[in-house]
Amino acid sequence: MNDASDHGSGNAHKNFIEIEIEKDFASKQELVGRTVYTRFPPEPNGYLHIGHAKSICLNFGLAKTYGGHCNLRFDDTNPTKESEEYVNSIKTDVNWLGFQWDKLLYASDYFEQLHDWACQLIREGIAFVCDLNADEMREHRGTLTQPGRNSPYRDRSIEENLDLFARMKKGEFPDGAKTLRAKIDMASPNLNLRDPVLYRIMHAHHHRTGDAWCIYPMYDWAHGQSDSIEGITHSICTLEFEDHRPLYDWFCKTLRIYHPRQMEFARMNLTYTVMSKRKLLQLVQENHVSGWDDPRMPTISGLRRRGYTPESLRMFCERIGVARFSSTIDVVVLEGSVRDHLNTIAPRFMAVLDPIKVVLTNYPEGQTEWMDAVNNPEDPSGGSRQIPFTRELYIEREDFMETPPSKFFRLKPAGEVRLRYGYVIQCNEVVKDAEGNILELRCTFDPTTKSGSPTAIERKVKGTIHWVSASESAEVEVRLYDRLFLSENPEDAPAGKTFLDNINPNSIRVVRAKVEPEVAKQLPGAKVQFERNGYFCADVVDSKPGVPVYNRIVSLKDAWARMTTRDNKA
RNA sequence: UGGGGCGUGGUGUAAUGGUAGCACAACAGACUCUGACUCUGUUUGUUAAGGUUCGAGUCCUUACGCCCCAGCCA
């Protein structure tokens, strides 16, 4: 029945939702002959983020695991906040993540049915039209510790309620003048049960139903019934809706309709970022980032543009698991997931981000050798390419040290290092300007050490560094991204400060990199590894034909950097 | 402080009342023409105190800590 192979590496442990689902199907009469049916129900009021990815993977994953179905349903009950733009971005993101919905639906598909059910409640004497305004209603609601008081309009006759509700629907009253409420219990310790509002008046244009309605159902009145109509077996949502479950159950029971089971799991928190739609919107609107798809954003579209793959995001969701404990995931788990996937698929190239010139004094001027380079050592079918080797080259500035520590096995005065896919070279002279800045390194190469030649094998040097030809290379813009925030929990700001004060001022650094010719030919969206640097993606927005702009997705693990920063701290 | 949840190594997540496991991270070593990858190994844990039991992460009691709820948002 279940497919454990979809649970990533290692032993697959069932999460609590899977365990409950299996119990339900084994024991519940109403589920006999049925299959798992879930839904992903976003409100189209913003872009999806990595937290939604968890819910998407869970809902669609459950359907897949158990051979069932999952709908994409837009919870579009509040027209003032929703738009087509968001609907489209959400559809794109779900598909991009690799999931296909069974049906594409909207809560607004059910407005008529929801309205009829409201009339049914009125006729049965358990819903009433209330004239209290927002302030008065709050005042009648009581507090966490004090019970509420009944609305003075609670005992209107059924006829009057029917008439008033009909006139609400017809548009006879202004926004906020009246609401339709359920009669439950104003003294309930669960605030959601203190005569909840079912309908409010909003003379607003809806992105799908236009101006057909001026009353709109509340979330609680729409959600469970929508699930019921669709035959959802398990309605999975986040923990903050736990207190709404009694209402969900009350509506299904009171209306005597098919009753799905709501289950809640903990939403994800990620270190060094914010996740609430309000804060993400603020970052966009106040131009702290370039948009919802800024490569530093935790949105699906931002991660996609940064260069994250659907596989890596799914792997991430698999690794973090599902439970009822409000956890905070270390962002390195996300970074590790994309490294693991890209390691298997990304072609390797050489790129020098911070160049320093090397002149091989014993190499013929004007000569170009084409060196054979493996495209991806993890992928035998990846083949190889030729890269030009010349007298003048660039290497990474940090790959040379004049007075290096003992464990430094890159280039140093009088020291030897191998140029990847090239020769072993030795540094003979450091040329500096008047201020002592290094201008170039004058080195000699050993012709017997050419990569791939039999004589090269006998020669062992500790270090291998990357390089590009000075004359036969291209130059591209590279955006080196870092975390958007400086603190693990950006919301945790001192008094008088906000999460915005925790923004990392150096979250993007732009450099001109020297790259081997192939790098300049990559198409937008291409994901590559710059050897010894990291994984990079040709930006889909700012790259132009023949002129790619690269985003750093994530750096490679760097044992040397770790070693040196640790020593500095000690 | 009313109600509802939740506490397992650094971070997550498992364990019909029966050897506390797995992943990620970290560390050490091997390998390496990427200080990557891979491989091998190691360290670190049941919030606390009582109780039931031959035996408790699991059951009971009490404490402590954290999260959610007072929208005509979802």
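What you see is a predicted model, and the numbers here were worked out from it, not measured in a lab.
If you take CG of A:D185 and C1' of B:G2, they are 13 Å apart, rounded to a whole angstrom. Atom-to-atom, CD of A:E335 to P of B:A23 comes out at 21 Å; the value is rounded to the nearest Å. Rounded to an integer number of Å, the gap from CD1 of A:I17 to P of B:U13 is 12 Å. Look at CD1 on A:I320: it is 16 Å from C1' on B:A14, rounded to the nearest Å. Rounded to whole Å, the distance from CG on A:N269 to C1' on B:C6 is 13 Å. The interatomic distance linking A:E318 (CD) with B:G12 (P) rounds to 18 Å, in whole Å. In this structure, A:F265 places its CZ atom 15 Å from P of B:C6, rounding to the nearest Å. Remark: P of B:C33 and CG of A:D399 are 17 Å apart, rounded to the nearest angstrom.
Within the structure, every pair that satisfies the side-chain hydrogen bond (donor to acceptor under 3.5 Å, both in side chains) test and touches residues 176-189 of chain A, not counting sequence neighbours, is listed here: A:D131-A:K178.
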Please produce a list of atom pairs where a protein N or O lies less than 3.5 Å from an N or O of nucleotides 8-11 of chain B.
| residue | atom | partner | partner atom | Å |
| --- | --- | --- | --- | --- |
| B:U11 | O3' | A:T328 | O | 3.0 |
| B:U11 | O2' | A:T328 | O | 3.4 |

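Using cut-offs of 30° and 60° on the angle between ring planes, the pair A:H115 and A:F165 is parallel.
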Q: Starting from the C-alpha separation in whole Å, work towards a yes-or-no answer on salt bridge (Lys or Arg N to Asp or Glu O under 4.0 Å) for A:R410 and A:E396.
A: CA-CA 10 Å; A:R410 280 116 96 147; A:E396 211 72 65; over 6 Å; no
Q | Sugar-phosphate or base contact per nucleotide [nucleotides 65-74 of chain B; S, B, -; heavy atom under 4.0 Å] | A | ---BBBSBSB
Q: If a protein heavy atom is under 4.0 Å from the base, mark B; if only from the sugar-phosphate, S; if neither, -; do that for nucleotides 35-43 of chain B going 5' to 3'.
A: BSB------
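For the C1' atoms, the distance from B:U1 to B:C68 is 16 Å, rounded to whole Å. Taking the C1' atoms as reference points, B:A56 lies 11 Å from B:G51, given to the whole Å. Taking atom P in both B:C37 and B:G5, the straight-line distance is 44 Å, to the nearest Å. Between B:A70 and B:G12, the two C1' atoms lie 33 Å apart (nearest whole Å). Comparing the P positions of B:A15 and B:G50 gives a spacing of 28 Å, expressed to the nearest Å. Spacing between B:U16 and B:U58 at atom P, rounded to whole Å, works out to 13 Å. Taking atom C1' on both B:A26 and B:G9, the two are 12 Å apart, rounded to the nearest angstrom. Separation of the P atoms belonging to B:G3 and B:C22 is 42 Å when rounded to the nearest angstrom.
Legend: residues meeting ring pair (Phe, Tyr, Trp, His ring centres under 6.0 Å) with A:Y535, ordered by chain and number and at least two apart, are absent.
Taking 4.0 Å as the cut-off between side-chain N and carboxylate O, A:D227 and A:R73 count as a salt-bridged pair.
A donor and an acceptor atom, one from each side chain of A:Q262 and A:E264, are located under 3.5 Å apart. A side-chain N or O of A:S108 and one of A:R208 form a donor-acceptor pair less than 3.5 Å apart. When only modelled atom types and interatomic distance are considered, A:H223 and A:R39 share a side-chain donor-acceptor pair under 3.5 Å.
A 3.5 Å limit on both hydrogen-bonding distances identifies B:G51 as the Watson-Crick or G-U partner of B:C59. With a 3.5 Å ceiling on both atom-pair distances, the Watson-Crick or G-U wobble partner of B:U38 is B:A30. Remark: B:C22 base-pairs with B:G12. Criterion, Watson-Crick or G-U wobble with two distances under 3.5 Å. Figure legend. B:C72 is base-paired to no nucleotide; pairs are counted as Watson-Crick or G-U wobble with both atom distances under 3.5 Å. Both distances falling under 3.5 Å, in either a Watson-Crick or a G-U wobble arrangement, place B:C64 opposite B:G7.
Among A:K462, A:Q426, A:R459, the one residue that satisfies the side chain to side chain donor-acceptor pair (under 3.5 Å) test with A:E416 is A:R459. When each of A:T299, A:L280, A:N269, A:L270 is paired with A:M275, the side chain to side chain contact (heavy atoms under 4.5 Å, CB included) condition holds for A:L270 and for no other. Each of A:K277, A:H52, A:E85 was compared with A:Y47 under the side chain to side chain donor-acceptor pair (under 3.5 Å) criterion, and only A:E85 meets it. Remark: of the listed residues A:F40, A:Y86, A:Y106, A:Y106 is the sole one forming a ring pair (Phe, Tyr, Trp, His ring centres under 6.0 Å) with A:F74.
Counting any heavy atom pair closer than 4.0 Å across all strands shown, A:V322 reaches sugar-phosphate atoms only and no base atom. Here A:R418 lies in heavy-atom contact (under 4.0 Å) with a base.
When all heavy atoms of A:F173 and A:H203 are compared, the pair lying nearest together is O-NE2, 2.8 Å.
Look at B:G71: its glycosidic torsion is within 90° of 0, and that puts it in the syn range.
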Pair up each side-chain donor or acceptor in residues 325-335 of chain A with any protein partner under 3.5 Å, not counting sequence neighbours, and list the distances.
| residue | atom | partner | partner atom | Å |
| --- | --- | --- | --- | --- |
| A:D330 | OD1 | A:V332 | N | 3.1 |

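The residue among A:A266 and A:L419 whose nearest nucleotide of RNA chain B is located toward the 5' end is A:A266.
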